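As structure tokens, the structure follows; a few thoughts come after it.
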Amino acid sequence: MKEMAEKKLKFSFLLNFIFFLGASSVYAFPLSLHSNPEEIEIVSIEKNPISLAILTSTPEPLDFIMETESRIYLVAKPQDLNFLLSSGLIFRLETPFFAPARPSKEMSLTSGGNGIYHSYNELIADLKKLAEKFPSLCRLEDLGRSLEGRQILALKISDNVNLNEPEPGFLFLGCHHAREWISVEVPLYLGLYLVENYALNPRVQNLVNEAQIWIIPLVNPDGLEYSIKFYRYWRKNRRLNSDGSFGVDLNRNYGFNWGIDNRGSSPNPASETYRGMAPFSEPETRAVRDLFSNYQFQALISYHSYSQIILFPWGFTVTPADKYQLLFNLAKRMSDLMASVHGRRYDFGQASTMLYLTNGDTTDWAYGTRGIPAFTIELPPVDIFHGGFFNSERDIQPIFEENLAAALDLIQWGIDNYKFAESETKRKEKNLIPLIIQRERKIK
Ligand code: 0X9
Ligand code: ZN
């Protein structure tokens, strides 16, 4: 949902209006080919004040996936195509220029439809293998079931992993949104790396010894499976809604300022940003909430794609958060570190102003309820011309490597911050004693 930001409009109204009048033919699209509601196309529309007004006046927000200086790209379902045709907007069919929305037969035959990207079963198998091989360093915790009964698993990594030591916790989340396949791989690879390098790398050893690192690589297993098997652009979970539509946007279902307005999330079940019937109405977000409430988390990263940006609260308002400076500094540090790995720069900033307003998202909830630094990292690519939601298999390793640098740094920051807070508490406790003695003396 890369919604357009009106402030980014570069063209003057007049210029666009003249251009709009000059363009005469509406793309004739064979709608009869699209009787299956799961069939979609990518279309683009020239950006001008008139098209913006029309596109933002739909009863349901369209599924915008990207904008350039001059064009807006969206995923169009048959009803959206009908709307575009009836509105008289000129649109360009872009589907052939982008990776396929539906799994190809060839891919399904050779690799289960998703190549080396993990399906639910493949992920569970790899996590179990890891936990069996390194039982003293990591364990799997079953956080509950998705709507369709799949396990939501967390990998806990720590020394003395079966004890709940008083250590700072860190939470890494992947795949709230089904079509963002790369967001499963990055936290999963992080887990594998930490465990497999514990004995080899003193820095890793130190972090794992001093922290509890929790990884939920797949928050939305039902959605991911649906995206692999049926419809590559699926975003939400697979809730059957009251109106017959499917899906709640899990990244609008968290319980902090949930549904505070209809811009940052939608009350309409058919919308791609449907927030659900109530905060935490979905078992997938409840699984995250319940884990979160049991431990002392110091920081959180939720991986998404795409855009190559690091976002921090607030998402629900353009007002800066109280800890804006801290969030900014941490995001900048992560961005610099990432750039130092393969030269790829991630932009960073407050979520609502960098991207768009959301309410009920994971990071607003984590920061809003606990005050901890919480980041949405929108993984590469930077735009749809570089693949959009379709990263190649070759992308996984370098994207992981640059994100590893950021994740390790954030964990180190959290450990230091935790120790500092602990020593401050002790210092204050010590200082209290003389104060009490002084007070008693005065009373005498
Ligand atoms: O819309 C979302 O949930 C995230 N973007 S995505 O393209 N992966 O769907 C962004 C969430 C971050 N919060 C805000 N932008 N406010
Ligand atoms: Zn997402």
Side-chain angles (χ1 to χ4, degrees), residues 1-5 61-67 73-75 172-187 216-220 223-224 227 232-237 247-254 256-266 271-276 282 284-285 288 300-321 324 327 331 346-368 373-384 387-391 399:
M1 306 291 295
K2 313 291 166 199
E3 209 172 54
M4 60 213 116
L62 293 161
D63 191 2
F64 298 110
I65 49 173
M66 133 111 183
E67 63 175 322
Y73 290 72
L74 55 100
V75 182
F172 297 90
L173 301 162
C175 205
H176 278 77
H177 292 142
R179 60 195 176 188
E180 300 165 13
W181 294 1
I182 184 72
S183 75
V184 179
E185 305 305 317
V186 168
I216 312 175
L218 179 51
V219 174
N220 182 8
L224 177 70
S227 167
R232 181 64 182 82
Y233 273 95
W234 190 255
R235 169 180 168 93
K236 302 186 282 180
N237 75 350
V248 168
D249 183 348
L250 296 178
N251 210 29
R252 301 292 182 279
N253 191 240
Y254 286 81
F256 183 80
N257 281 339
W258 176 87
I260 195 173
D261 63 40
N262 291 343
R263 273 188 76 189
S265 67
S266 171
S271 164
E272 292 293 347
T273 55
Y274 176 47
R275 58 182 170 246
E282 305 312 294
E284 295 87 356
T285 50
V288 178
L300 172 155
I301 296 181
S302 182
Y303 296 100
H304 285 254
S305 74
Y306 56 92
S307 284
Q308 215 171 291
I309 41 179
I310 305 170
L311 302 169
F312 53 78
W314 298 119
F316 82 97
T317 172
V318 295
T319 307
Y324 179 91
L327 297 168
Y346 288 54
D347 210 346
F348 57 92
Q350 183 169 335
S352 53
T353 47
M354 280 288 290
L355 205 55
Y356 45 72
L357 284 171
T358 58
N359 54 61
D361 101 330
T362 321
T363 56
D364 271 13
W365 163 76
Y367 175 76
F375 300 94
T376 302
I377 300 191
E378 298 274 2
L379 298 165
V382 71
D383 63 28
I384 201 169
F389 298 111
F390 301 81
N391 304 88
I399 293 177

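The basis for the numbers below is simple: all heavy atoms, side chains too, and nothing from hydrogens, waters or symmetry mates. Sequence positions, counted from 1, serve as the residue numbers for this chain. Atoms within a ligand are numbered from 1 in the order they appear, just like the ligands themselves. Model, not experiment: these values are computed from the prediction.
- The distance from ligand 1 to the heavy atoms of Gly315 drops below 4.0 Å at these ligand atoms: 16 (N).
- Residue His304 approaches ligand 1 through these ligand atoms, each under 4.0 Å from one of its heavy atoms: 8 (N).
- Although no hydrogens or angles enter the test, the distance criterion places no donor-acceptor pair under 3.5 Å between the side chain of Asn257 and the main chain of Ile260.
- Between Phe256 and Trp314, the ring centre distance stays below 6.0 Å.
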Give the C-alpha distance, both sets of side-chain angles, the deciding distance and a yes or no for ring-ring contact (aromatic ring centres under 6.0 Å, His included) between Tyr233 and Phe390. CA-CA 10 Å; Tyr233 273 95; Phe390 301 81; 5.5 Å; yes
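- Distances from atom 12 (C) of ligand 1 to the heavy atoms of Leu250, Leu355, Asp361 show the closest one on Asp361.
- Not close to ligand 1: His176, with no non-hydrogen atom less than 4.0 angstrom away.
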Run the side chain to side chain donor-acceptor pair (under 3.5 Å) check on His176 and Tyr254 step by step: do they pass? CA-CA 12 Å; His176 278 77; Tyr254 286 81; 2.7 Å; yes
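- Considering each of Gln350, Glu272, Arg235, the one bringing a non-hydrogen atom nearest atom 9 (O) of ligand 1 is Arg235.
- Using a 4.0 Å cut-off to heavy atoms of Glu180, the atoms of ligand 1 that qualify are 6 (S), 8 (N), 9 (O).
- Under the 3.5 Å distance criterion, with hydrogens and angles disregarded, no donor-acceptor pair is assigned to the side chains of His304 and Glu378.
- For His177, a nitrogen or oxygen atom sits less than 3.5 Å from a nitrogen or oxygen atom of ligand 1, counting backbone and side chain alike.
- In terms of heavy atoms, Pro381 sits closest to Asn391 at CD-ND2, 3.3 Å.
- For Glu180 (side chain) and Ser305 (main-chain N/O), a donor-acceptor pair under 3.5 Å exists by modelled atom type.
- Residue contacts with ligand 1, taken as heavy atom pairs separated by less than 4.0 Å, involve Ser305 solely via the backbone atoms N, CA, C and O.
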Output, in order, the C-alpha distance, side-chain angles, deciding distance and verdict of side chain to side chain donor-acceptor pair (under 3.5 Å) for Arg235 and Asn251. CA-CA 10 Å; Arg235 169 180 168 93; Asn251 210 29; over 6 Å; no
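- Salt-bridge check for Asp364 with Arg252: failed, with every basic side-chain N at 4.0 Å or more from each acidic carboxylate O.
- With a 4.0 Å heavy-atom cut-off, ligand 1 is reached by the backbone of Thr358 and by its side chain too.
- By the criterion of a separation under 2.8 Å, the protein N/O/S atoms near the Zn ion (ligand 2) amount to His177 ND1, Glu180 OE1, Glu180 OE2, His304 ND1.
- Between the side chain of Trp181 and the backbone N or O of Leu224, no donor-acceptor pair lies under 3.5 Å.
- Between Tyr306 and ligand 1, no N or O atom pair is found at a separation short of 3.5 Å.
- Of the N or O atoms in Asn251, one or more lie within a sub-3.5 Å distance of an N or O in ligand 1.
- Taking the six-membered ring for Trp, Phe312 and Tyr324 have ring centres closer than 6.0 Å.
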